[in-house]
Each structure stands twice: as structure tokens, then as C-alpha cells.
K.L.:
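Shown below is the structure under consideration.
So that the names make sense, note that chain A is the first sequence line, chain B the second, and so on, each numbered from 1. Only this structure's heavy atoms are used, side chains among them; waters, hydrogens and symmetry mates stay out.
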There are 2 protein chains.
Amino acid sequence: MQVRLKNRKQQIVDLALELLQTRGFENFSYQDLARQLGITKASIHHHFPKKEDLGVALCQAIQDWHEREFSKSRAFAGSALEKLDRYVRGTLRYGGCEKKICPLSSLQADIASLPEAMRPALKRLDDHELEFVAELLQQGRDNGELSFPGDVRAQAVLVVLTCKAALQYSRVHGSEMFDEAMAQMKQLMVASQ
Amino acid sequence: MQVRLKNRKQQIVDLALELLQTRGFENFSYQDLARQLGITKASIHHHFPKKEDLGVALCQAIQDWHEREFSKSRAFAGSALEKLDRYVRGTLRYGGCEKKICPLSSLQADIASLPEAMRPALKRLDDHELEFVAELLQQGRDNGELSFPGDVRAQAVLVVLTCKAALQYSRVHGSEMFDEAMAQMKQLMVASQ
DNA sequence: ATACTAACCTACCTCAAGGTCAGTTAGCAA
DNA sequence: TTGCTAACTGACCTTGAGGTAGGTTAGTAT
């Protein structure tokens, strides 16, 4: 008995995003999606003719999500440190599941086999995220919460890299590693200079 | 005309390592190896019956390489900062090619689809590397070259994470990002406290 | 010269991937 | 009710993946 949904597209993207975070873009198939949604492979091809199309939709979904999260954070009345914490816990840690990494990291790892259309999108998303974190750090340094040497942008790179890699590592070594890394990074940004 | 080599096994491992760093374990095939070596797929199966066997051999090769590099570094008469630089440039940057990432990062990214036998090996390798970097940092802090707050181990985690993620990012954003991140990390470890 | 071993090949198998196509079926607007 | 559109299905295709079986050929030890 077939059930028609008008939000199937969204459903597919949501599931695909999860599989992207746990297995990587090249390591989940239309069959996987179809099975878990209880529909046919061909039905997914109806919504996303090529896998590349699904990939582009995934990038769009990530961007929407970034924009939502970032503007929520900007609206949030709190210190820069609190905002940074929210970024780390909420934006990067995702569902809290140990098995998921940042979708952008996942795409980066597969970059060599990725459809052409997804690469510029990936770069844009990375830059967008970096810009946001740089903004937070600038705020924090301006009002004295944070102190670190050098360029704000360079420090933002460091923070983002740490978050991403920490997620990857914690999948293998347990979540304590994530906490350890983030705590140390925070200490460096408060104690330095 | 077939040419027999007794070091074919090593040749295969070398090439596989390169493909691991550029494309990931699940994204290169026996066919790829065979083509580039000018032999048959079946011939590779002769040396490594299952891909899992090749994977285990890869882990072993990485370990051998670590041991070589680390003991070279320990023997090297220089400051801790110089040793750290050598680690960053030599041990992590590999062939200097922008397209290669750390093989351990690559394996981590594919962890969900990785053959069972490779996972404990991967964890061991990560730990081994962390231990080595912690040793360097301890030295540096002891003799006053470095100063950073908190636990040495935690700082080692931070350094390693930064290196790995910087390599991944620089594949998408260019090698300046790698340099930027490493410079900032160095600044933090010299300036802090 | 003989016999053994290991490197290698051709030819094949199975399976799952991405993808296509020609329908069927449900919902909705005129 | 008619007719259009969009969701969905089953049946199929091609390609390339990992893997196997059996044979050939080169090198080596006796």
C-alpha cells in the first residue's frame, strides 16, 4: 500500500544528511535510503534524478541550517563565550550521537570522488562558517572575555578545525576526547597573552 | 610480456597508501591499483586475497613509517620547536602534495564502512602518534621553549587535531590555510600564560 | 634435469551501484 | 467528471566492485 507524501523530498534529504554524517557521501546508496523510507529506489530517482542532484540539495540543506543556527545565535542575548559554547555543543555536536561527524568534514574527506557541482558549494559553506566563528571571536576579544594573539581570522580557523577534527576523533576514541580538546582550546583563548 | 617482481607487495602497498590519502579506502579499487601498476586485478588478489588484508597491511605500513619517523626525530639534535616543525612539515605534510591527507584521517572518515580488523589498528596508531607529540610538548615545556596551560596530553590532542584538519581543509581551500593554522597554533603555545 | 614455489594471467561469478523507462495511482483544479 | 500533475512502482540496463578457479610461466633449490 503506497502512501504519498508531499514532504517526501524533505524526508529524503533529512535521512541522506544523517547517512552523510555517519557513512560519507560515497558510502550510502539510493537503496539504503529507499529501504529505510519504505519506498522504491526509483521513487528517490524521481525526486533526485542523479545522486549529484541529491548532493546539491544536501549542500542547500546545510546552508539553510547554518543560516538558521547562526541567526539564532546572533539573536541570543549572552556573552561571546556562551555563544561559542552553543556553537560547539549545538551546531557542531548535532544530535549528540557519537557516530555523526560534521557533514562538511564528511564531504571534504570525499572531495576527490565528489560530483563537480558540489565543490564550490562546499567551499562556500566552509567560508560561511568560518566567518561566523570569526565574528564571535571578534566580539569576545572586544569585550575582554577572550584573549589570544594574532589575527582573529586565524584563530577562527583554529577553533573550527579543532571542532571538526575532535568530532572525527571522538567517533574512534570516545566523546571524552571531544570534551578534552574543546576544554583545552577554551583555556588557551582565555589564558593566553 | 610479464615482468616478475619480488617487491611487488611493497609496490602495491605504496600505491594503495597514496590512493588511501587521496581518495579514501572505500574509494579506490583493485582495478585502480592493477591499472597503475600494469598488472592484473587477480594478481593483486594473489598478494592480498581480500581487501581487508590490504587494509591491515596498510596499517602496518603506517606504523612502520611512524616508528621510523619518530625515532629519527628523537635522534635529531635540535630544539623541541624544531622537532615539532619537522613533525608538522615532514610527518604530516607527506609528499608535499596538496591532494594528500593523513592516512589515519582518511581511515577515520571511512570508519563506518571499514573492515572490522582495521579498527583496533587505527586506534593504536592514533594513540601512538599522540604519545609522540605529547613527548615533544613535554620536552618543550620543560626547557622553556613552549608555554601553554593545562595538561600536556590535552595540548598534544589539540596540536594533532589541528594538523589533521588543516590538511583536510587545505585540500579544498589551498595550502595557505594549512600554514595559517599552524602559525597560529605555534603562536598560542609560545605566547600563552 | 627435476620439482617446487610464487608471481602472474584469462576467464569467470555474484552482487550492488547508479540510472532509465513505461506504466499506475492518488490528489486536485476546472 | 474530466484531465492534468506529481508521487510512486516494477522491470530492466550497464558498469564496476570484490572475489574465485585453474592454468601458465619464471626463478630457485636440489
Side-chain angles (χ1 to χ4, degrees), chain A residues 1-20 22-59 106-107 109-119, chain B residues 1-20 22-59 106-107 109-110 112-118:
Chain A
M1 189 57 192
Q2 73 185 65
V3 180
R4 262 145 228 258
L5 294 183
K6 66 270 147 279
N7 63 332
R8 211 8 78 84
K9 221 162 175 162
Q10 189 57 45
Q11 244 183 85
I12 295 172
V13 168
D14 287 346
L15 179 55
L17 193 59
E18 201 173 315
L19 291 180
L20 171 66
T22 50
R23 310 181 50 80
F25 189 72
E26 303 290 337
N27 287 305
F28 73 85
S29 65
Y30 272 32
Q31 198 62 260
D32 294 328
L33 293 170
R35 240 185 317 249
Q36 289 190 239
L37 291 175
I39 54 178
T40 324
K41 212 179 58 160
S43 175
I44 301 186
H45 277 286
H46 166 74
H47 293 284
F48 303 99
K50 317 256 159 167
K51 205 181 181 189
E52 178 169 0
D53 299 321
L54 176 57
V56 171
L58 280 174
C59 290
S106 181
L107 291 174
D110 275 356
I111 187 80
S113 348
L114 231 51
E116 213 57 54
M118 298 175 66
R119 293 183 208 195
Chain B
M1 189 59 193
Q2 72 185 64
V3 180
R4 261 144 229 257
L5 295 182
K6 66 273 150 276
N7 62 332
R8 207 18 69 90
K9 220 163 176 163
Q10 189 57 45
Q11 243 183 85
I12 295 171
V13 168
D14 287 344
L15 179 56
L17 193 59
E18 201 174 314
L19 291 179
L20 172 66
T22 49
R23 312 180 50 79
F25 189 73
E26 302 289 337
N27 286 306
F28 73 85
S29 65
Y30 271 33
Q31 198 63 261
D32 294 329
L33 293 170
R35 240 182 320 245
Q36 290 191 239
L37 292 175
I39 54 178
T40 325
K41 213 180 55 161
S43 177
I44 300 186
H45 276 287
H46 166 72
H47 294 283
F48 304 99
K50 317 255 161 167
K51 205 180 181 188
E52 177 168 1
D53 299 320
L54 176 56
V56 171
L58 279 173
C59 290
S106 181
L107 291 174
D110 275 357
S113 348
L114 232 49
E116 213 57 56
M118 299 175 65

K.L.:
Both B/His46 and A/Asp32 contact DNA chain C. Which one's nearest nucleotide lies toward the 5' end?
P.N.:
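Its nearest nucleotide being more 5', the pick is B/His46.
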K.L.:
Side chains of residues 45-52 of chain A: which donor-acceptor partners sit under 3.5 Å, not counting sequence neighbours?
P.N.:
unit_1, atom_1, unit_2, atom_2, d
A/His45, ND1, A/Pro49, O, 2.8
A/Lys51, NZ, A/Phe25, O, 2.7
A/Lys51, NZ, A/Phe28, O, 2.7

K.L.:
Could you give the distance from CG (B/Asn27) to CD1 (A/Ile111), rounded to the nearest 0.5 Å?
P.N.:
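It is 12.0 Å, given to the nearest 0.5 Å.
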K.L.:
Specify the separation, in whole Å, of atom CD of B/Glu26 and atom P of C/dA17.
P.N.:
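Answer to the nearest Å: 12 Å.
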K.L.:
Using 0.5 Å steps for rounding, measure from the CE atom of B/Met118 to the OG atom of B/Ser113.
P.N.:
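Answer for the CE-OG pair, B/Met118 versus B/Ser113, is 11.0 Å.
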K.L.:
Heavy atoms within less than 4.0 Å of DNA chain C: which residues of residues 47-56 of chain A have one? Give them sorted by number.
P.N.:
A/Lys50, A/Lys51
K.L.:
What's the spacing between B/Arg8 CZ and B/Ile39 CD1 if we round to 0.5 Å?
P.N.:
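One finds 4.5 Å between CZ of B/Arg8 and CD1 of B/Ile39.
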K.L.:
Measure the distance from OH on A/Tyr30 to C1' on C/dT20 and round it to the nearest whole Å.
P.N.:
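Roughly 13 Å, once rounded to whole Å.
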K.L.:
Would you compute the distance between atom CD1 of B/Ile12 and atom CG of B/Leu58 and round it to the nearest 0.5 angstrom?
P.N.:
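Output value for this atom pair is 11.0 Å.
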K.L.:
If you take all heavy atoms of A/Ala34 and A/Ile44, which pair is closest and at what distance?
P.N.:
N-CD1, 3.4 Å
K.L.:
Check the distance between D/dG16's C1' and B/Leu33's CG and give it to me in whole angstrom.
P.N.:
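These atoms are roughly 14 Å apart.
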K.L.:
When you compare the protein's N or O atoms with those of nucleotides 12-15 of chain D, which come within less than 3.5 Å of each other, and at what distance?
P.N.:
none

K.L.:
Could you tell me how far apart A/Asn7 (CG) and C/dA26 (P) are, to the nearest whole angstrom?
P.N.:
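Taking CG of A/Asn7 and P of C/dA26, I get 19 Å after rounding.
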K.L.:
Round to a whole Å and report the spacing from CG of B/Asn27 to C1' of D/dG16.
P.N.:
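After rounding, the gap between these two atoms is 13 Å.
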K.L.:
Looking only at side-chain atoms of B/Ala42, point me to the closest of C/dC8, C/dC21, C/dT10.
P.N.:
C/dT10
K.L.:
Once you round it to whole Å, what is the distance between C1' of C/dT24 and CD1 of A/Ile39?
P.N.:
16 Å
K.L.:
Measure from CD on A/Gln11 to C1' on D/dA7 and round the result to the nearest Å.
P.N.:
13 Å
K.L.:
Rounded to whole Å, please give me the gap between CD in B/Gln31 and C1' in C/dT10.
P.N.:
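About 13 Å, once rounded to whole Å.
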K.L.:
Drop me the distance from B/Gln36's CD to B/Leu33's CG, to the nearest 0.5 angstrom.
P.N.:
7.5 Å
K.L.:
Remember a base hit wins even if backbone is also touched, and classify B/Ser29 as base, sugar-phosphate or nothing at under 4.0 Å, heavy atoms.
P.N.:
sugar-phosphate
K.L.:
Looking at side-chain heavy atoms only, is the closest gap between B/Ser43 and B/Leu37 below 4.5 Å?
P.N.:
no
K.L.:
Do we see a donor-acceptor contact under 3.5 Å between the side chains of B/Asp14 and B/Gln10?
P.N.:
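There is such a pair (donor and acceptor under 3.5 Å, judged by atom type) between the side chains of B/Asp14 and B/Gln10.
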